[in-house]
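This report refers to the structure that appears directly beneath it.
All heavy atoms count here, side chains included; hydrogens, waters and symmetry mates do not. Nothing here was measured: the structure is a model prediction, and the numbers come from that model.
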Amino acid sequence: QVRLIESGGGSVQAGGSLRLSCTHSGGSLVGYSMGWFRQVPGKEREFLAAINWSGDSTHYEESIEGRFTISRDNSKNTVHLQMDNLRPEDTAPYYCAAAEYYGRGQKYTVWGQGTQVTVSS
């Protein structure tokens, strides 16, 4: 059974940076695209960024574009989300997920447990 495990969350001040990592184990995700999401309690889950299998195509939600960067290292089964110039409104648990195909609106079928990001003003 494939597992996704996020790490790298924590507490930072506004303007700071964090680098989230998502590592998968227990099965193959060859060919899968990967995405990052966040969900503030009481609100809908928000898509942030996605990357295709080869890593040469990415797309972002508009509010974070230019501040967050998604990347992957398939040799290490790892996807990263570099987050710069963080704002208090970025505070949320962050989740990585895998989808069989790449593109906007894809169905993500494998999810991690999340890592908390807290940004103070």
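Both tests pass for Arg45 against the ring of Trp111: distance under 6.0 Å to the centre and angle within 45° of the axis.
For the pair Val117 and Leu18, the minimum side-chain heavy-atom distance is below 4.5 Å. The side-chain heavy atoms of Tyr102 and His59, taken from C-beta on, include a pair separated by under 4.5 Å. Asp84 places a side-chain heavy atom less than 4.5 Å from the side chain of Ser17. Using a 4.5 Å cut-off on side-chain heavy atoms (C-beta onward), Asn52 and Tyr101 make no contact.
Scanning both residues, Val79 and Trp36, for their nearest heavy atoms gives CG1-NE1, 3.6 Å. Here the shortest heavy-atom pairing between Ser121 and Pro88 reads CB-CG, 3.9 Å. Summarising the geometry of Pro93 relative to Gln116, their closest heavy-atom pair is N-OE1, 3.5 Å, with the distance given to 0.1 Å. Nearest heavy atoms, Leu81 versus Ala49: CD1-CB, 4.3 Å. Residues Ala92 and Val40 approach most closely at CB-CG2, 3.9 Å, considering heavy atoms. Closest non-hydrogen pair, Trp53 versus Leu29, comes out as CZ3-O, 3.5 Å.
In terms of modelled atom types and a separation under 3.5 Å, the side chain of Glu6 and the main chain of Gln113 share a donor-acceptor contact. Here the side chain of Thr91 pairs no donor or acceptor atom with the backbone of Thr118 at under 3.5 angstrom. Checking side-chain atoms of Ser21 against main-chain N and O of Ser7 turns up no donor-acceptor pair under 3.5 Å.
For residues 37-95, no pair satisfies disulfide (SG to SG under 2.5 Å), with sequence neighbours left out. Note on residues 8-114: pairs passing disulfide (SG to SG under 2.5 Å), not counting sequence neighbours, are Cys22-Cys96. Annotation: side-chain hydrogen bond (donor to acceptor under 3.5 Å, both in side chains) contacts involving residues 63-75, sequence neighbours excluded, comprise Glu61-Ser63, Arg67-Asp90, Arg72-Asn74, Asp73-Ser75.
Tyr32 and His24 are not linked by any side-chain donor-acceptor pair at a separation below 3.5 angstrom, with hydrogens and angles left out of the test.
Tyr108 and Tyr60 fall into different hydrophobic clusters, defined by Ile, Leu, Val, Met, Phe, Trp and Tyr side-chain heavy atoms under 4.5 Å apart, directly or through other members. Ile70 and Tyr95 sit in two unconnected hydrophobic clusters of ILVMFWY residues. Membership requires side-chain heavy atoms under 4.5 Å apart, directly or through other members. Taken together through direct or relayed side-chain contacts under 4.5 Å among Ile, Leu, Val, Met, Phe, Trp and Tyr, Phe37 and Met83 form parts of separate hydrophobic clusters.
In this structure, CZ on Phe47 lies 6.0 Å from CZ on Arg104, to the nearest 0.5 angstrom. One distance of note links CG of Asn85 with CD1 of Ile64; it measures 12.0 Å at 0.5 Å rounding.
Proximity of the aromatic rings of Phe68 and His80 is defined here by a centroid distance below 6.0 angstrom, and this criterion is not met.
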